[in-house]
Amino acid sequence: MSFQAPRGMRDFYPEDMAFRTRLFDVWTATARAHGFAQYDAPIVEHLDLLTRKAGEEIIEQIYAFQDKSGRKLALRPEVTPSLVRLVAARRSRIVMPAKWFTIAQCFRYERMSKGRKREHFQWNLDIIGSDSIIADLEVLATAADALRTLGLTPQDANIHVGNRNLVGEMLHAIGVPDQQQLDVLMVLDKRGKVSDEVLVEMLTEAGVAAHVSPQIMKIFDVRDLEDAAALVPADSPAIRELRTLFDLADRAGVGPFLRFDIAVVRGLAYYTGIVFEAFDTRRRFRAILGGGRYDRLFESLGEPPLPAVGFGFGDVVIKEVLDKTGVDQSPGKDVDVCVGVFDHAHWPEALAVAGALRADGLHVDLALGAVGPNKLFKYADRRNASRVVFVAPEELKSDCVVLRDMTTGSQAAVPIPDITAAIRKQPPD
RNA sequence: GUGAGUGUAGCUCAGUUGGUCAGAGCGCUAGGUUGUGGUCCUAGAAGUCGGGGGUUCGAGUCCCCUCACUCACCCCA
């Protein structure tokens, strides 16, 4: 056997699965705690739905294929188009605003690099049908809660919050035509990846006049909302929105995780207002999560307008961050009790004991191949079982089995009918 | 698609100018200890040196091709 998982696809061994399950649990519990309901959609989607949102170019970057009837399909590269499809189909029946989340496996055909596989799981969480800043805040607070529950602190990671409308107002004040702003935003998103000189070149290519570029670059000098306010009209809606958002974040208890960052604009065309990305504070990794407000997506897909805000949070980068941050990820024990025998003849009694313990809700493993004291205890040790119950000839004569505490090494003979109670009396740590 | 780096035991890796270079640690198996695990000691199993071709008396080592993995770019989740 020389096969390995196809390029970019991942195997999940038990230890990997332990993390994945824990992560999914946190995502699910956090979403529920904030009143979001779970949905799902097929991994295979209509190619047309995906291209209508992302453009024909995306075909080169996804697993696209035809089924045996010639239907053009694709493995979903993201779940937002499906979300729009689901909401649009039952629009009149869904209670708005809809607060929905999903954990979706998504695929993308591209070269792999750090933090990027060809397949990943992404927690998507959205509020559809509300244009209130409270909705933005609720989404951000949920994201921050998830980071906190995973063991990260504001010293480890922050959610950088920007506002496209704010940059838009600034560009407008400088004199950049509105129809040019999106191109300029896309260039500004490259900040940090390329040098400022290259950035200016890209601005020129985007049609920005030479004397305007330096003014655009000065936008990056903005450090806080006060700096920003100085560059836009006093009655700026974008500033007012951000101030409200940060005030509310403090009241919601997630303020320390949030920070204003003028440079966050996101590389996607459809965002319309608040945008955000979470990074580890040392900026050693890609964005942990990213999202924002996308009030025009529905209409761009041919639906009546519907405001929305949400984010995507993948499983790959967060794993890297948690590993590097040294957050305690020790998983719970797989096994509470290991049951074994000193002699093959005693499996009937051992199975009866194991059955009783399982009926009581304990996680019980049988030391199938490890018969005899040496092998049994060594096996139990490696399985990380805190208790061992074994059937031994001497004790069995008086209808007892032996309960051993693997942490202390102490053990005692216990009448078989009392074994469950004996374990319950001294629950493992 | 472009560029760079790395492929030697299950894992992490060493291997000098081509000539006992098929190795170490960890892990695994067995024994010391057939009624007692973790520590310790001893022994053992295990590798077509990623694959193919070439140069050479001789290739893990040099050359070519290829595959895989990693990183960066591109693109974005």
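Below, chain A is the first sequence line, B the second, and so on; all start at residue 1.
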In whole angstrom, give the distance that lies between atom [atom1] of [X] and atom [atom2] of [N].
| X | N | atom1 | atom2 | value |
| --- | --- | --- | --- | --- |
| A/Lys378 | B/C28 | NZ | P | 7 Å |
| A/Asp365 | B/G37 | CG | C1' | 15 Å |
| A/Phe377 | B/G35 | CZ | P | 11 Å |
| A/Leu50 | B/C75 | CG | P | 20 Å |
| A/Arg111 | B/G3 | CZ | P | 10 Å |
| A/Asp343 | B/U36 | CG | P | 16 Å |

| request: Measure up the A/Tyr294 and A/Tyr271 rings against each other and bin them: parallel (under 30°), tilted (30 to 60°), perpendicular (over 60°). | output: perpendicular
Classify the ring geometry of A/Phe311 against A/Phe313: parallel below 30°, tilted from 30° to 60°, perpendicular beyond 60°. tilted
* Within 45° of the six-membered ring axis of A/Phe377 and under 6.0 Å from that ring's centre, is NZ or CZ of A/Arg404 located there? -> yes
Query raised in the report: Relative to A/Phe19, does A/Lys319 satisfy both conditions: NZ or CZ under 6.0 angstrom from the six-membered ring centre, and within 45 degrees of the ring's axis?
Result: yes
Query - Quiz item: A/Arg404 side-chain donor-acceptor pair to B/G37 base, under 3.5 Å - result: yes
What's the closest nucleotide to the side chain of [X] if the choices are [options]?
| X | options | value |
| --- | --- | --- |
| A/Lys117 | B/G1, B/C75, B/U70 | B/U70 |
| A/Asp381 | B/U36, B/G38, B/C28 | B/G38 |
| A/Asn374 | B/C75, B/A30, B/U33 | B/U33 |

What contact category does A/Glu110 fall into here, base, sugar-phosphate, or nothing, at under 4.0 angstrom with non-hydrogen atoms? base
Check every strand shown and say whether A/Lys190 touches a base, only sugar-phosphate, or nothing at a heavy-atom separation below 4.0 Å. sugar-phosphate
Query - Between A/Arg286 and A/Ser113, a side-chain donor and acceptor under 3.5 Å - result: yes
With side-chain hydrogen bond (donor to acceptor under 3.5 Å, both in side chains) as the criterion, how do A/His34 and A/Asp145 come out once you've worked through the C-alpha distance, each side chain's angles and the decisive distance to 0.1 Å?
CA-CA 10 Å; A/His34 285 260; A/Asp145 269 350; 2.6 Å; yes
Note, RNA chain B 5' to 3' with Watson-Crick or G-U pairs under 3.5 Å encoded as ( ), [ ], | and . gives (((((((..((((.....[...)))).(((((.......))))).....(((((..]....))))))))))))....
**Whole-angstrom distance between B/A72 and B/C28, as gauged at atom P** = 35 Å
RNA chain B nearest-nucleotide lookup for A/Lys53 and A/Met112: closer to the 5′ end is A/Met112
Of A/Arg266 and A/Ser113, the one whose nearest nucleotide on RNA chain B sits closer to the 5' end is A/Ser113
Find every protein N or O atom lying less than 3.5 Å from an N or O atom of nucleotides 66-68 of chain B, and list the pairs.
unit_1	atom_1	unit_2	atom_2	d
B/A68	O2'	A/Gln4	OE1	3.2

Contact check, residues 388-403 of chain A vs RNA chain B, heavy-atom distance under 4.0 Å, returns A/Phe390, A/Ala392, A/Pro393, A/Glu394, A/Glu395
